[in-house]
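In what follows, a single structure is set out as structure tokens and then discussed.
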Amino acid sequence: MSSMLSAAWRGRPPIRPAVPYRVLPRSYRRYSGPAQNKDIVLRLPACDVYRYGEAPPKPPLFSGVDWIIREGEAWAVVGTASSGKNDLLEVLLGHHRILPPPPGGVFPFLTTLPLQKQDPLNSIAHVSFATRPKSLGGGFYDYSARYGAVRDEDRLTLHDSLVKEAERAGAGVEEEEVRELARKLDLDRLLKLPLVALSNGQTRRASVLRKLLTRPEVLLLDEPLTGLDPLHRANLLTLLHALHAQRTPRILLALRPQDPLPDWVSHVALVSSGQVRTGPKAEFQEELEKHHVHSVGRGGVSEEEIRKRRKEGGEVLVDMKDVNIAYEDRKVLKHINWTIRAGEQWHLQGANGSGKTTLLSVLTGDHPQSYVQPHLYLFGKPRRRHATIALQQNIGFVSPELYNAFPRRLGTGALSGRDAIGTGFECTFSYRPRSAEQEQVIDALVEALAPPSWADGEVLSRPFAALNPGEQTLCLLLRALVNRPPLLVLDEVFAGMDDEMVARARRFLRSYVREGGQAVVWVSHWEEEMPWEWEKGEVRRIRLQNGEATIS
Ligand SMILES: Nc1ncnc2c1ncn2[C@@H]1O[C@H](COP(=O)(O)OP(=O)(O)OP(=O)(O)O)[C@@H](O)[C@H]1O
């Protein structure tokens, strides 16, 4: 067995073992305690990684990984959603099998800490930002419940959820510490709110705070910048830098290739096609710059000139006057007036928590308070004269809330990727048989918008839940388009996609809307990803701040 191991280790074709492998304990649980381990945070020396239960001759997930993180270095794991970046994080969490197992474990410095800290399960924390409640299994959940009266089971406040998780992890927390960290993450005003009331960006920052309070030694953060507005992105990176410098905890970021690397990151582990290349940041900078998404705008054009360049929109699709939304004494939207016409592209802007999702839920009829607005006309009729499902067939909708809530069953009752797209015809969340004509619509959209590797149908025949995050988002975008609805509401529609998918989708959306004359409401904190050019007068802006809207 040992000769076979070392053959695999040196990258030679592995020989089938005479005796099956015994299932090794999590490799990072093997400890030695030499003093030299103190300065080695992570070590994966010349090894191959297999899924648990798999071994040579199965192909490894990663071959020839050779990676050391020394104390004081700041690393980012960079890769697209399909690169295996998530698998590499899973390796660090002990979910895969490392051959040969690294002596001293994956995190050698842990062996030099007090006993209770030596177990990686207590010391290595991971924030994955999957906000889907685990208790819901694979079924769809009603994300619009958040807009109504808070149900008993959803009453848990942010503060209590933080304390509960810290206690579960055996970390005593001081009230002062909770407040101090909450303040640094701009969450202190929200501590008394029920968790369900938090916006997407607020929820993501709360996930970071929750893990920090468990006092890990190393914190892995998977794409922590997604869904955050520019100011909160900068604040979070500053906080993470300070924490990393004090090792409270050490931070390991996982980023997309198109994300700018924070200044304080010194090293990169670049993941692609089963390989992990590691080294100082400078070695990768040129390669990574090719992935950056650049704004199509040119700049330097006056607002007046931009307004002159604008074409008049067509018929009025949405007309709202004096829309107000409040939860008890908390006013989220104040006196909003907004008219959307066919053929217009709108960029809905505003910081995390400014009310963008709430405004969209009024427009899609999901918000219960949409029924009681004095002047809310959608597609020519007052909101209350629409059945919600019929109303939503006029709106192609993608959002982080929909992404989280979409059913993800595996096994019996699983939706395939193609089924997930097909649910868009009737705006449902469960399987519906499709006509031959509907199959053709899907084929045409897949051909125009999806990567060439989807052409043979194999990717879309897999369960939706088994696709990677970027592939799932693309399915939901295709789902939003199948009906050719007159209005598209696209909220963080590129989340999880790699830069090639983003480039293809931007090109496609431009021509799709030019030909079809749809109106679009675009929401993204990454302005450079916007497919339309502000300078050419193609986009209008509605900006929310303190509950009020400014239109330009
Ligand atoms: N049930 C509720 N009770 C009290 N406040 C609520 C409730 N639901 C939402 N809010 C508050 O409404 C505000 C607007 O939330 P919304 O989700 O619309 O923000 P957003 O602009 O979409 O943010 P993000 O960019 O983070 O997605 C938030 O501050 C949120 O805490």
Side-chain angles (χ1 to χ4, degrees), residues 129 131 142-162 182 185-209 223-236 320 323-334 336 338 346-370 397-405 473 489-496 521-527 529-530 541-550:
F129 300 109
T131 51
D142 180 11
Y143 56 90
S144 65
R146 166 186 178 220
Y147 310 126
V150 178
R151 299 171 304 184
D152 276 349
E153 62 267 38
D154 292 332
R155 287 210 181 275
L156 184 68
T157 61
L158 169 60
H159 175 273
D160 292 353
S161 85
L162 297 170
L185 283 160
D186 191 22
L187 291 168
D188 44 342
R189 307 165 287 122
L190 308 172
L191 284 169
K192 289 197 181 131
L193 275 190
L195 273 184
V196 285
L198 300 187
S199 77
N200 178 42
Q202 292 165 344
T203 303
R204 294 174 72 93
R205 299 200 308 275
S207 304
V208 177
L209 174 55
E223 298 189 12
L225 307 180
T226 305
L228 298 197
D229 64 61
L231 198 60
H232 285 109
R233 281 205 295 262
N235 281 352
L236 178 66
M320 52 175 87
V323 162
N324 289 278
I325 298 286
Y327 303 98
E328 294 167 7
D329 57 350
R330 204 177 153 86
K331 290 189 179 157
V332 175
L333 296 179
K334 298 179 208 162
I336 308 288
W338 189 18
W346 284 87
H347 189 185
L348 170 55
Q349 301 178 317
N352 291 139
S354 60
K356 300 179 298 298
T357 308
T358 311
L359 182 56
L360 295 181
S361 69
V362 171
L363 197 152
T364 57
D366 274 328
H367 205 295
Q369 295 181 43
S370 66
F397 181 63
V398 185
S399 77
E401 288 76 16
L402 176 80
Y403 176 89
N404 284 331
T473 316
V489 174
L490 304 177
D491 182 357
E492 294 292 355
V493 69
F494 295 152
V521 179
W522 181 267
V523 189
S524 172
H525 294 296
W526 302 85
E527 189 154 0
E529 290 184 348
M530 174 97 185
R541 289 176 176 157
I542 174 164
R543 180 165 193 84
L544 295 177
Q545 196 173 13
N546 301 324
E548 289 172 10
T550 319

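Counting starts at 1 for both ligands and their atoms, following the listed order. Counting from 1, the numbers follow the sequence of the chain as shown. Values below: every heavy atom of this structure, side chains too, minus hydrogens, waters and symmetry copies.
- Contacts of Glu328 with ligand 1, taken as heavy-atom pairs under 4.0 Å, are absent altogether.
- Remark: ligand 1 and Gly227 share no N or O pair separated by less than 3.5 Å (distance only, no angle test).
- Between Asp491 atom CG and Glu401 atom CD the span is 6.0 Å, to the nearest 0.5 Å.
- Closest heavy-atom approach to atom 27 (O) of ligand 1 within the set Asn200, Asn352, Leu360: this belongs to Asn200.
- Atoms of ligand 1 found under 4.0 Å from any heavy atom of Thr358 (numbered from 1 in listed order, with element): 14 (C), 15 (O), 16 (P), 18 (O).
- Taken from CE in Met530 to CZ in Phe494, the straight-line distance is 10.0 Å, to the nearest 0.5 Å.
- Annotation for Ala495 and Thr226: closest pair CB-CG2, 4.2 Å, computed over non-hydrogen atoms.
- Scanning Ala326, Ser199, Ala197 for the heavy atom closest to atom 19 (O) of ligand 1 points to Ser199.
- The side-chain contact (heavy atoms from CB on, under 4.5 Å) check on Ser161 picks up Leu156, Leu158, Leu195, Arg210, with sequence neighbours excluded.
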Sequence neighbours excluded and cut-off under 3.5 Å, please list the side-chain donor-acceptor pairs for residues 346-353, or say none.
from   : atom 1 : to     : atom 2 : distance (Å)
Trp346 : NE1    : Glu344 : OE1    : 2.9
His347 : ND1    : Gln349 : NE2    : 3.3
His347 : NE2    : Ser524 : O      : 3.4
Asn352 : OD1    : Arg205 : NH1    : 3.3
Asn352 : OD1    : Asp229 : N      : 3.2
Asn352 : ND2    : Gly227 : O      : 2.9
Asn352 : ND2    : His525 : NE2    : 3.3

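- Note: no N/O pair closer than 3.5 Å links Leu198 and ligand 1 by distance alone.
- With a heavy-atom cut-off of 4.0 Å, Leu193 touches ligand 1 through its side chain alone.
- Not a single N or O atom of Gly350, backbone or side chain, sits closer than 3.5 Å to an N or O atom of ligand 1.
- Near His525, meaning under 4.0 Å from one of its heavy atoms, ligand 1 places the atoms 25 (O).
- No donor-acceptor pair closer than 3.5 Å links the side chain of Gln202 to the backbone N or O of Leu187.
- Residue Glu401 places no N or O, backbone or side chain, under 3.5 Å from any N or O of ligand 1.
- Proximity of Val332 to ligand 1, defined as any heavy-atom pair under 4.0 Å, is confined to the side chain (atoms from C-beta onward).
- Annotation for Trp526 and Leu225: closest pair CZ2-O, 3.9 Å, computed over non-hydrogen atoms.
- Looking only at side-chain heavy atoms (C-beta outward), His367 and Thr364 stay at 4.5 Å or farther from each other.
- Under 4.0 angstrom from ligand 1, the non-hydrogen atoms of Ala351 all belong to its backbone.
- Counting heavy atoms from C-beta outward, Asn200 and Arg204 have side chains that approach closer than 4.5 Å.
- The proximity of Lys356 to ligand 1, defined as any non-hydrogen pair under 4.0 Å, involves the side chain as well as the backbone.
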